S.K.: 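Below are the structure tokens for one structure; questions will follow.
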Amino acid sequence: MRLRSGVFASCCLLVQALGVALFLRGFFPVPVRSVPSREARADPPAEPAPPGPGMLSNWTEIPPPLFKKVVIVLIDALRDDFVFGPKGKQFMPYTTQVVEKGTSYSFIAEAKPPTVTMPRIKALMTGSIPGFIDVVVNLNSPALLDDNLIWQAKTAGKRIIFYGDDTWVKLFPKHFVEYDGTTSFFVSDFTEVDDNVTRHLDRVLKREDWDLLILHYLGLDHIGHMTGPNSPLVGPKLREMDNILKKIHVSLLSKEEVSLPNLLVVCGDHGMSETGSHGGSSEGEVHTPLLFISSAFGKRSAPPAQPEHVQQTDLASTLAIGLGLPISRNSVGNLILPVVGGKTMREQLRFVHLNGFQLSRLLQENTPAYEKDPGYEHFKIAEKSHGNWIKLYLEGNNSEILLNLGKKVLKQYLEALKTLSSSLSKQVAQYDMYSMMVGSVIIIEVLILLLLSVPKALSKRAEFEVPLSPPLFSLLFYLMCLMLCAVHVIVCTSAESLCYFCSISWLTAVGVMMLISALMCGILSAVAKILENYRLPPKNPVASSCSWSEIDVLILAGTIGHVLSLGASSFIEEEHQTWYFLINTLCLMLCQELCRNNFLLKECDPQHSTNVKQNFDSIGESSECKNIDIPAASNSKLGKATSSSEFIKGSDKWISLATPWIILICCRLLRSLNQTGVQWAHRPDFGHWLTSSEHKSELSFLAAVSLLMIFFLVQRRCSLVSKIAMALGLLGVYSYRAAIGNVTFPWQHGGKDISKGITEARFVYVFVLGIVFTGTKDLLKSQVISADSSTKSTGLWEVYSGLVLLATLLFRPHNLPVLVFCLLIQTMMTKYIWIPLKFDAAQITIMHYWFGQAFFYFQGNSNGIATVDISAGFVGLDSYVEIPAIFLTAFATYAGPFLWAIHLLCYLSSEVSRNSAAVGHGCFCYALMRSIPVAIYVVLVTGLRYHLFIWSVFSPKLLYEGVHVFITAAVCLFFTAMDQNHSYKVQD
């Protein structure tokens with residue numbers, strides 16, 4: 001079966017996307033739990049038995065509750081410095097007073113990445129560390145089946161009321177006697193989302209028919225996403241939260257009983273970065289305040305020292321003890337001792353023993369050699385000392401010896417808890433190695449097949465014979481299928497833990513095994529054919545000596561260097577530096593090519609140029625060497641001088657020579673716009689300066705100029721109707737940003753009411769759809785009615801213009817210069833570099849890929865989850881709609897690579913001087929450039945899966961790579977759909 005390069009590349013990328021999905025499912029499994037969460041509660045352990053015959057402890061029950069009513073106020077994205085820093089003193093005076101002089105204990109709770117809401121709620125209520133894949137399922141939270149505080153409270157008859165983020169309602173269905181959920185993903189809403197919680201407060205605080213009240217406020221998080229932590233909106237929101245905390249605290253004190261006090265807990269699920277996002281592991285994202293306020297605590301006379309650091313998972317164990325409930329079976333948290341520090345020594349020892357017993361039991365169920373674990377050994381020593389203390393206590397010994405021994409035992413228990421928790425935190429999730437291996441095999445097989453197909457795929461015809469019949473009907477294929485199925489049966493019947501690949505239907509599993517076998521047979525067939533051709537004498541001696549240009553060497557070295565850098569965590573954190581270096585080096589290489597083309601080659605012997613041209617023509621007849629897709633008359637490097645003189649004359653020559661330097665200047669300006677990565681992300685950049693409230697007029701001017709430049713650079717190839725639509729759409733973009741308060745119109749004076757800008761954004765969407773529809777109509781016309789290349793080219797450029805308009809709407813105002821420079825660099829490279837120097841489609845494709853990767857980071861993105869701007873997913877939406885929100889967020893995040901890929905298609909399709917196989921070459925090279933890093937990276941993360949930074953550095957990068965593969969597969973399908981010329985016309 002004959003396949004074109006584009007079709008073959010698209011099919012390979014779709015298969016690789018399947019392998020990536022399977023690998024991700026194995027690498028990010030739902031955390032494995034040894035004990036079912038819904039089995040009947042086991043009896044609590046008794047106190048350690050004292051040594052000696054006939055002595056038994058009479059305390060075998062769970063301790064009674066320490067607090068009558070508990071109110072948990074969770075303020076989304078509450079950073080620790082919002083309470084303990086200058087902002088807390090200024091905007092939260094009541095809370096600050098309670099912290100410094102009231103009856104409270106304050107801590108800084110450290111959250112583990114990923115710092116997004118749903119995994120953090122799981123950590124707070126279960127005490128376990130959720131899997132990293134919860135970043136993905138955060139958008140659609142399933143019911144929580146793990147043992148958790150809410151389920152334990154409901155089972156114990158506690159009446160729970162909840163108001164706030166509806167993620168709780170999804171995680172704990174049918175657990176609340178009363179609830180009112182609000183969507184957490186509509187980030188444009190700062191006020192109503194909190195008012196819907198507060199409106200219930202006065203009524204609920206007067207009632208006595210509840211034991212646990214949970215309030216989850218989202219407004220602060222939404223402000224952070226939209227405007228950042230230094231926004232003028234943060235102060236009023238903190239003051240609003242302070243008034244709410246005051247109201248709750250005063251109400252709890254007024255209804256308090258002497259015997260059983262009430263407790264107010266104030267916490268955050270995560271913090272926010274300096275850009276207002278979260279999901280990563282920076283200090284601002286992982287450090288949140290944790291306050292325990294109750295009359296049970298002693299009133300301090302002086303402000304406390306710097307708050308002690310605890311783990312966020314410690315809250316579940318502490319609240320379980322405070323409510324008189326069993327500690328969740330899968331909790332890895334420690335009891336926060338100061339909260340129970342006012343109790344007797346026997347009670348404190350009982351509390352820490354219960355915590356230690358639960359942790360040691362969890363260790364036994366997850367670690368075969370648990371007896372050798374230092375934490376388990378420390379716990380057994382502490383338990384033995386505890387028994388000796390109980391013996392003295394039951395004998396009625398009230399001397400100082402009893403007190404000192406109790407303190408010693410308490411210290412031993414705390415050391416054991418810390419060590420046990422540390423051991424368990426390292427093994428809370430198990431890798432599904434079988435699914436990972438199957439996915440890796442598919443990914444690597446696809447890469448090998450693509451590499452072996454390079455000579456044929458980049459030939460002049462851009463098509464080759466795929467021998468399906470021999471491999472699929474060979475004995476080797478069936479033997480491999482049988483062997484893989486046998487391995488599948490053995491693994492699935494002997495695996496101790498459930499593998500995802502074993503849980504799918506047998507028909508699907510056999511289909512995957514057949515796919516792996518077919519890919520392997522295809523690889524072997526391709527290798528055999530290459531060896532067979534290698535043994536044959538070359539038909540043309542000249543064809544066997546393919547020369548590599550400096551650009552080719554740079555491309556190969558850059559690709560290999562980037563792939564190798566993925567094995568180091570520091571290089572992943574600062575990957576933008578790699579791409580900045582590569583495009584800067586590329587610009588210098590292009591400058592050298594232009595100088596050689598304009599000055600050196602003009603002095604070459606014309607006869608020599610003719611001979612080289614004839615040699616290249618003969619090379620072009622061979623498919624074993626890389627074949628360029630431009631007319632043969634100008635294929636020779638020396639022959640470029642003659643053909644290029646037609647393009648570069650007079651002033652254009654000097655503009656062409658200046659183009660690489662102009663691009664370098666643009667890239668340097670873009671680097672100063674957004675600081676990204678880890679090492680220098682905290683440093684102020686031009687973007688921070690523009691987004692501050694004092695510089696709104698400068699931001700408005702820059703946004704207006706950027707929109708004018710975008711129109712000027714885009715409208716050149718559009719029809720008149722699309723030009724008008726583009727102008728109106730860009731005006732709507734500015735109106736949208738003015739409506740939500742990012743920019744101002746010149747005639748605006750004073751403060752204008754900030755709205756959600758829904759009408760203005762939808763106004764822009766109408767023009768986006770109109771321009772894309774016009775382009776799609778032209779494309780269908782060129783594909784179905786008439787094979788008119790000019791109509792097809794116009795349609796593609798109009799689709800590209802519509803996507804640029806959409807990116808303009810979704811980009812924040814300070815990022816609009818990124819789009820301007822993107823369009824400017826594309827325009828200059830097209831006119832002054834690619835056309836004059838006659839680069840082939842493969843080289844141009846790789847240049848597009850490199851610049852697309854660089855612009856991904858120029859946008860302010862990084863390999864951390866925190867830089868994903870989820871506010872882009874809610875532009876023009878008045879409620880959370882999952883599919884549009886995901887599409888808009890993904891498009892805004894990958895706008896750089898996506899726009900460069902579509903520009904590549906537009907450019908290759910519109911260049912009539914090129915061979916008609918150029919689009920196929922471009923599609924194949926683009927697929928290959930995406931397959932190489934993904935295949936190598938899955939091998940690297942498999943080997944580094946126990947690395948210290950696997951969850952904070954390597955895992956987010958893996959998610960980015962996976963999503964990028966899916967997007968590239970969609971782009972390649974679009975390439976294939978536009979490459980419908982089945983009979984390529986080849987110039988002989």
Side-chain angles (χ1 to χ4, degrees), residues 5-28 132-133 135-136 435-451 453 457 500 512 515-516 519 559 562-563 565-566 572 575 579 845-846 848-850 852-857 861-865 868 886-887 889-902 904-905 922-942 954-977:
S5 298
V7 175
F8 178 74
S10 299
C11 293
C12 285
L13 215 53
L14 288 174
V15 173
Q16 193 170 60
L18 170 66
V20 169
L22 196 56
F23 182 87
L24 290 176
R25 183 58 181 81
F27 192 85
F28 297 116
F132 210 93
I133 197 61
V135 173
V136 178
S435 299
M436 288 170 60
M437 289 298 104
V438 174
S440 299
V441 168
I442 295 174
I443 294 168
I444 294 171
E445 283 184 334
V446 168
L447 175 61
I448 295 173
L449 201 56
L450 284 171
L451 290 173
S453 306
Y500 170 74
V512 173
L515 175 64
I516 295 175
L519 288 171
T559 302
H562 168 253
V563 168
S565 73
L566 297 177
I572 292 177
E575 188 182 358
W579 289 111
T845 298
I846 295 172
H848 273 83
Y849 179 83
W850 280 18
Q853 291 297 104
F855 270 86
F856 174 81
Y857 296 102
N861 292 321
S862 70
N863 287 325
I865 303 297
V868 177
I886 293 174
F887 168 77
T889 304
F891 179 82
T893 303
Y894 289 92
F898 192 78
L899 290 178
W900 277 90
I902 301 301
L904 171 67
L905 176 60
C923 181
F924 183 87
C925 289
Y926 201 79
L928 182 61
M929 290 301 294
R930 185 87 292 274
S931 297
I932 292 173
V934 127
I936 301 301
Y937 193 67
V938 297
V939 175
L940 290 173
V941 295
T942 301
F954 292 99
S955 296
K957 172 64 176 174
L958 183 60
L959 286 177
Y960 274 109
E961 289 291 319
V963 174
H964 203 170
V965 168
F966 300 137
I967 291 176
T968 306
V971 169
C972 287
L973 287 175
F974 188 50
F975 268 71
T976 304

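Model, not experiment: these values are computed from the prediction.
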S.K.: Would you say that F855 contacts P897 through its side chain, given a criterion of any heavy-atom pair below 4.5 Å between the two side chains?
M.R.: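 No, their side chains stay 4.5 Å or more apart.
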S.K.: State, to 0.1 Å, how close F924 and L450 come at their nearest heavy-atom pair, and which atoms those are.
M.R.: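 F924 and L450 have their closest heavy atoms at CZ-O, 3.3 Å.
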S.K.: One pair to check against side chain to side chain contact (heavy atoms under 4.5 Å, CB included): S10 and C923. What are the steps and the verdict?
M.R.: CA-CA 8 Å; S10 299; C923 181; 3.9 Å; yes
S.K.: Just wondering, do F28 and L959 contact through their side chains at under 4.5 Å, heavy atoms?
M.R.: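 A side-chain contact exists here, since the closest heavy-atom pair is under 4.5 Å.
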S.K.: A side-chain contact here means heavy atoms from C-beta on lying under 4.5 Å apart; do L904 and F975 qualify?
M.R.: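 Yes, at least one pair of side-chain atoms sits under 4.5 Å.
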S.K.: What class does the angle between the rings of F891 and F898 fall in, given that below 30° is parallel, 30 to 60° is tilted and above 60° is perpendicular?
M.R.: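 The arrangement is perpendicular - the two ring planes meet at more than 60°.
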S.K.: So which atom in S440 and which in V938 form the shortest heavy-atom distance, rounded to 0.1 Å?
M.R.: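 In terms of heavy atoms, the two residues are closest at OG-CG2, 4.4 Å.
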S.K.: Between L447 and I932, which heavy-atom pair has the shortest distance, and what is it?
M.R.: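 Scanning both residues, the minimum pair turns out to be CD1-CG1, 3.6 Å.
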S.K.: To the nearest 0.5 Å, how far apart are OG1 in T893 and CD1 in I967?
M.R.: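 Reported to 0.5 Å precision, the distance equals 8.0 Å.
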S.K.: T845 vs M929, test: side chain to side chain contact (heavy atoms under 4.5 Å, CB included). Steps then yes/no.
M.R.: CA-CA 9 Å; T845 298; M929 290 301 294; 5.8 Å; no
S.K.: So do the side chains of L973 and L14 get within less than 4.5 Å of each other, counting heavy atoms only?
M.R.: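 Yes. Closest side-chain heavy atoms under 4.5 Å.
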S.K.: For side-chain hydrogen bond (donor to acceptor under 3.5 Å, both in side chains), just list the numbers for H562 and E575, CA-CA rounded to whole Å, side-chain angles, deciding distance to a tenth of an Å, and then say yes or no.
M.R.: CA-CA 9 Å; H562 168 253; E575 188 182 358; 2.6 Å; yes
S.K.: With rounding to the nearest 0.5 angstrom, report the CD1 to OG distance, I936 to S565.
M.R.: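 Output value for this atom pair is 12.0 Å.
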S.K.: Measuring from atom OG of S453 to atom CD1 of I448, what distance do you get when rounded to the nearest 0.5 angstrom?
M.R.: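 Here the rounded value is 11.5 Å.
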S.K.: Within the 4.5 Å heavy-atom criterion, are I902 and F974 side-chain neighbours or not?
M.R.: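 Sidechains of F974 and I902: in contact.
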S.K.: Check whether any side-chain heavy atom of L566 lies under 4.5 Å from a side-chain heavy atom of F954, and answer yes or no.
M.R.: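 Side-chain contact under 4.5 Å: no.
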S.K.: Judged by atom type as modelled, is there a donor-acceptor pair below 3.5 Å linking the side chain of N863 to the main-chain atoms of K957?
M.R.: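 No, N863 side chain to K957 backbone: no donor-acceptor pair under 3.5 Å.
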S.K.: Could you give the distance from CE (M437) to CD1 (I442), rounded to the nearest 0.5 Å?
M.R.: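 So the gap between those two atoms works out to 12.0 Å.
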S.K.: Hey, are the side chains of V868 and N861 touching, using non-hydrogen atoms and a 4.5 Å cut-off?
M.R.: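 With C-beta onward as the side chain, the pair stays apart.
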S.K.: Return yes if some donor-acceptor pair links the side-chain N/O of S435 with the main-chain N/O of L22 below 3.5 Å, else return no.
M.R.: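 A pair under 3.5 Å: no.
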S.K.: Within the distance-only criterion (no hydrogens, no angle test), does the side chain of Y849 pair as donor or acceptor with the backbone N or O of C925 below 3.5 angstrom?
M.R.: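 No; zero donor-acceptor contacts below 3.5 Å.
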S.K.: Taking the side chain as every heavy atom from C-beta outward, state whether V438 and F23 have any pair of such atoms under 4.5 Å apart.
M.R.: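 No, side chains not in contact.
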S.K.: Without swapping roles, check the side chain of Q16 against the backbone of I443 for a donor-acceptor pair under 3.5 Å.
M.R.: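 Yes: the side chain of Q16 pairs with the backbone of I443.
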S.K.: Take H964 and Q853 through the side chain to side chain contact (heavy atoms under 4.5 Å, CB included) test and state the conclusion after the steps.
M.R.: CA-CA 11 Å; H964 203 170; Q853 291 297 104; 2.8 Å; yes
S.K.: Where is the tightest heavy-atom contact between C972 and L13, given as atom of each residue plus distance?
M.R.: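 Heavy atoms of C972 and L13 come nearest at SG-CD2, 3.7 Å.
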S.K.: If you take all heavy atoms of P933 and E961, which pair is closest and at what distance?
M.R.: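 Nearest heavy atoms, P933 then E961: CB-OE1, 4.3 Å.
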S.K.: Find the distance between OG (S862) and CD1 (I572) and round it off to the nearest 0.5 Å.
M.R.: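 It comes to 12.0 Å.
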S.K.: Considering non-hydrogen atoms only, spot the tightest contact between V941 and F27 and give its length.
M.R.: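 Reported closest heavy-atom pair: O-CE1, 3.9 Å.
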S.K.: Rounded to the nearest 0.5 Å, what separation is found between the CG atom of L24 and the CG atom of L958?
M.R.: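 That separation rounds to 5.0 Å.
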